[in-house]
Amino acid sequence: MAHLPIVQFEEQIIRTVEDNSVVVVIGETGSGKSTQLSQMLHRHGYSKRGIIGVTQPRRVAAVSVARRVAQELGVKLGEEVGYAIRFEDRTSDLTRIKYLTDGVLLRESLSDPELSHYSVIILDEAHERSLNTDILLGLVKRLTKLRASNLKVLITSATLDGEKVSEFFSESPILNVPGKLYPVEVVYSRERPISYTESCLKTALDIHRKEPEGDVLIFMTGQVKVFSPAPPNCRRFIVATNIAETSLTVDGVVYVVDSGYVKQRQYNPSTGMYSLDVVQISKVQANQRAGRAGRTRPGKCYRLYPSLMYQDELLDVTVPEIQRTSLAGTVLYLKSLDLPDIDILKFDFLDPPSAESLEDALKQLYLIDAIDENGAITSIGRTMAELPLEPSLSRTLLEANENGCLSQALTVAAMLSAETSLLPNRSSKNNEKKRKQEPVELPTGSGYGDHIQMLQIYEQWDRNGYDIRWCRDTGLQERGMVFVKDVRKQLSQIMQKIAKGSTDVRANRRYRESEHDYRNLRKALCVGYANRLAERMIQHNGYRTIGFKPQLIQVHPSSVLKADDDGMFPNYVVYHELIATSRPYMRNLCTVEMRWVSPIFKKLENLDVSKLSGGLHRDVRNGEGKSLELTKKENVAARTPDDHESRVLAARERFLARKAQK
DNA sequence: GAGCACTGC
């Protein structure tokens, strides 16, 4: 502890915190900021009138840092020092220092909007700009005014964006704390490489031939096929994605090879489509990567791009997640806080998302009844916000509860919440060769699509007593399935607490209908996914999204949904997401019936985005309502041809086209 | 008939 650089700044830090409600701390890797700031404030009495809360973007970090601080203070974890992450709250009445994920703090603020339990809030790793951190930055800024007398806020960030954060908090002071990294020599390429894989391999081999011992960490954008040069003196080569920038620390790394690129998922609010793009990293990321070479001794970082590119082309800071993701959940959350002085389109973000993105979110929320036509949150929306799910799934749960199929919907929602793909990739020939015995057959959704398949899979696991061996035999991801079980349990508990009427949440509850057509569940999904509906084209198996700007899309080949005997897909489906890879696809879909869809068309006709924002009157007063006016007109134009009769006609045509094919 | 970086409630 004493050897940490931050310790010698204790007095200065405390003095600055005394005099200011917000302090920005620039601390490089190894400065000890995550473990020491909370202890310093604790020593100086800041934990007497409230808890010192420290947020982390990742769960493992929250746990491991809490553990270390408890150890340093010589207390039992969960008493004076504790942590709270999803599924696990290790705090008690004694807790004075609390580490938590920023997601958990956001949840807490739902029931305690002023976060009154806390005397200090430290937002750690703010430079990573996770969605939750960004929302917290806005909320906390508001709190510093509301609770000016009894709340201290510390934001820790990286060198390159400290100024910006300070400006956001009305020029709050910036403290610099040096890190404890060894010097890292940065070597640039003379030119841009033609092939990054080749250039990586060449650089790695060069290091191996010319440099003294030490492991090599190589940052690429994805899986690399073959990369194991037989090492005579045993040097490790670790090929990693950006996971090694933050989540994963590899000891013994002395050399870093940085491709300069990262694969990033982005959301396009005008099409509702996600894409995975290989993009240039930011300077913050480049420095983070380089820093991985200097953890144990002086190291070297080989950047596979020219220094001019670093200076001129790389953005200073990573594009914040809030500008790359669908904001339906975020907007619903903010609406549910009922902040009187807040118009969603004007919420004080460090980097505001585009008006288009916020409007997209409002439209989505309107279609699933979370907000009314004036943009006010509904009682349904309020209940939805309690659930740690994306709004479509929250809405599905509430509807399913009305339909008497909550148990099934809980399972589907939990399955869809699982991080990575749970299902084995059966089609690949490699897998078949590797597997010794034939895998147990999985259910296929009875022709209703992927949601139903997920339900059937989980039910089968349930019938097998949640045996982990069953997952192994079927090729399902074991850890993923356990996660699903945890999520399902959490959702069940929340539903029992908040939902009206009877809620039967037992996973093994058998419905007679489940043997047949899953009608009630699919109906509930249709209501929840009213904003993700697609209609098949008349002559072929392509689909068109129904909404504001129709997109032409295909069923993703991984879908369990198969064409019928006539070679055709169903007329209407709801989808979980749109993803543009080699083509625009919809992934994870469920068949629905036309008569369930009709109310959605009606809602689309009544929609007026300018009213939804709930802030137009104010905008007019301030003379700033331009972007809203534009989108309003464009939406009206896009939806006029979608009346009920023409849909019935189209459905009939599809039927006839199908007959003709026979 | 494709192919998926990484978090989190």
Side-chain angles (χ1 to χ4, degrees), chain A residues 55-63 84-89 100-111 125 128-136 219-225 239-248 259 261-266 274-279 281 285 288 318-322 324-325 329-330 332-333 336 384-391 393-394 413-414 417-423 425-431 477 480 483 486-487 489-491 493-494 541 554-563 577 579-588:
Chain A
T55 70
Q56 294 290 327
R58 280 169 296 282
R59 308 169 53 175
V60 267
V63 176
I85 58 175
R86 189 178 192 178
F87 310 134
E88 201 184 356
D89 184 350
L100 67 175
T101 47
D102 37 26
V104 169
L105 188 61
L106 280 179
R107 287 280 138 203
E108 288 184 3
S109 88
L110 274 177
S111 51
E125 317 288 1
E128 286 184 27
R129 303 302 305 277
S130 78
L131 177 62
N132 289 339
T133 307
D134 269 25
I135 303 169
L136 280 175
F219 284 99
M220 295 292 284
T221 58
Q223 303 282 321
V224 179
K225 289 273 145 55
V239 182
T241 58
N242 47 327
I243 189 171
E245 277 169 25
T246 51
S247 309
L248 192 99
S259 66
Y261 285 88
V262 67
K263 198 175 270 178
Q264 224 170 43
R265 190 180 149 99
Q266 348 225 29
Y274 278 96
S275 60
L276 275 162
D277 307 323
V278 174
V279 298
I281 57 172
Q285 277 175 299
Q288 185 82 36
T318 316
V319 176
E321 192 185 353
I322 201 163
R324 295 188 276 116
T325 193
T330 303
L332 179 61
Y333 169 83
S336 77
M384 285 165 60
E386 300 271 324
L387 290 156
L389 287 172
E390 49 181 308
L393 290 174
S394 307
S417 301
E419 46 234 40
T420 36
S421 59
L422 296 163
L423 276 55
N425 190 358
R426 282 285 155 80
S427 48
S428 146
K429 280 180 186 165
N430 285 345
N431 283 2
Q477 291 221 356
F483 178 81
D486 285 341
V487 173
K489 188 175 150 206
Q490 185 191 26
L491 296 177
Q493 286 165 350
I494 298 174
N541 266 338
Q554 306 277 327
V555 175
H556 197 278
S558 70
S559 175
V560 76
L561 192 68
K562 293 285 173 276
E577 69 171 0
I579 176 109
T581 47
S582 57
R583 285 168 163 188
Y585 287 112
M586 40 184 180
R587 202 152 48 181
N588 287 330

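Residue A:Ile85 has its side chain nearest to B:dC9 when only B:dC9, B:dC4, B:dA2 are considered. Of the candidates B:dC9, B:dC4, B:dT7, B:dC4 carries the atom nearest the A:Leu276 side chain, counting heavy atoms from C-beta on. Distances from the side chain of A:Arg107 to the nucleotides B:dG8, B:dC9, B:dA2 place B:dC9 closest. For A:His556, whose side chain is taken as the heavy atoms from C-beta onward, the closest listed nucleotide among B:dA5, B:dT7, B:dA2 is B:dA2. Considering only the side chain of A:Arg587, B:dC4 comes nearest among B:dC4, B:dT7, B:dG1. Among B:dA5, B:dC9, B:dA2, the nucleotide with an atom closest to any side-chain atom of A:Tyr585 is B:dA2. Taking the side chain of A:Ser582 as heavy atoms from C-beta on, and the options B:dA2, B:dA5, B:dC9, the nearest nucleotide is B:dA2.
Residues A:Pro388 and A:Ile494 are in side-chain contact: their nearest non-hydrogen atoms beyond the backbone lie under 4.5 Å apart.
For the pair A:Arg265 CZ and B:dG8 C1', the interatomic distance rounds to 13 Å; values are reported in whole Å. Atom CD in A:Glu128 sits about 20 Å away from atom P in B:dA5, given to the nearest Å. Computed from coordinates, the A:Leu106 CG to B:dT7 P distance equals 19 Å when rounded to whole Å. Atom CZ in A:Arg59 sits about 6 Å away from atom P in B:dG8, given to the nearest Å. Atom CE of A:Met586 and atom C1' of B:dC4 are 19 Å apart (whole Å). One interatomic measurement links the two molecules: CD1 of A:Ile135 to P of B:dG8, which rounds to 15 Å at whole-angstrom precision. Atom OH in A:Tyr274 sits roughly 17 Å away from atom P in B:dC6 (whole-Å rounding). Distance A:Asp277 CG to B:dC4 P: 11 Å, rounded to the nearest Å.
Here the closest heavy-atom approach between residue A:Ala62 and residue A:Thr101 is recorded as CB-N, 4.4 Å.
No contact: A:Ser558 has no heavy atom under 4.0 Å from any strand.
Nearer the 5' end of DNA chain B, as judged by each residue's closest nucleotide, is the contact made by A:Ala580, out of A:Ala580 and A:Asn132. Taking for each of A:Glu390 and A:Gln264 the nucleotide of DNA chain B with the nearest heavy atom, the 5'-most of the two is the partner of A:Gln264.
A:Thr55 contributes atom OG1, which lies 5.0 Å from atom CG of A:Asp102 (distance to the nearest 0.5 angstrom).
At a cut-off of 3.5 Å, with distance as the only test, a side-chain donor of A:Asp277 or A:Ser275 sits close to an acceptor on the other residue.
The phosphate of B:dC9 has neither OP1 nor OP2 within less than 4.0 Å of any side-chain N or O from A:Ser417.
Exactly one residue among A:Val319, A:Thr318, A:Val262 makes a side chain to side chain contact (heavy atoms under 4.5 Å, CB included) with A:Val279. That residue is A:Val262.
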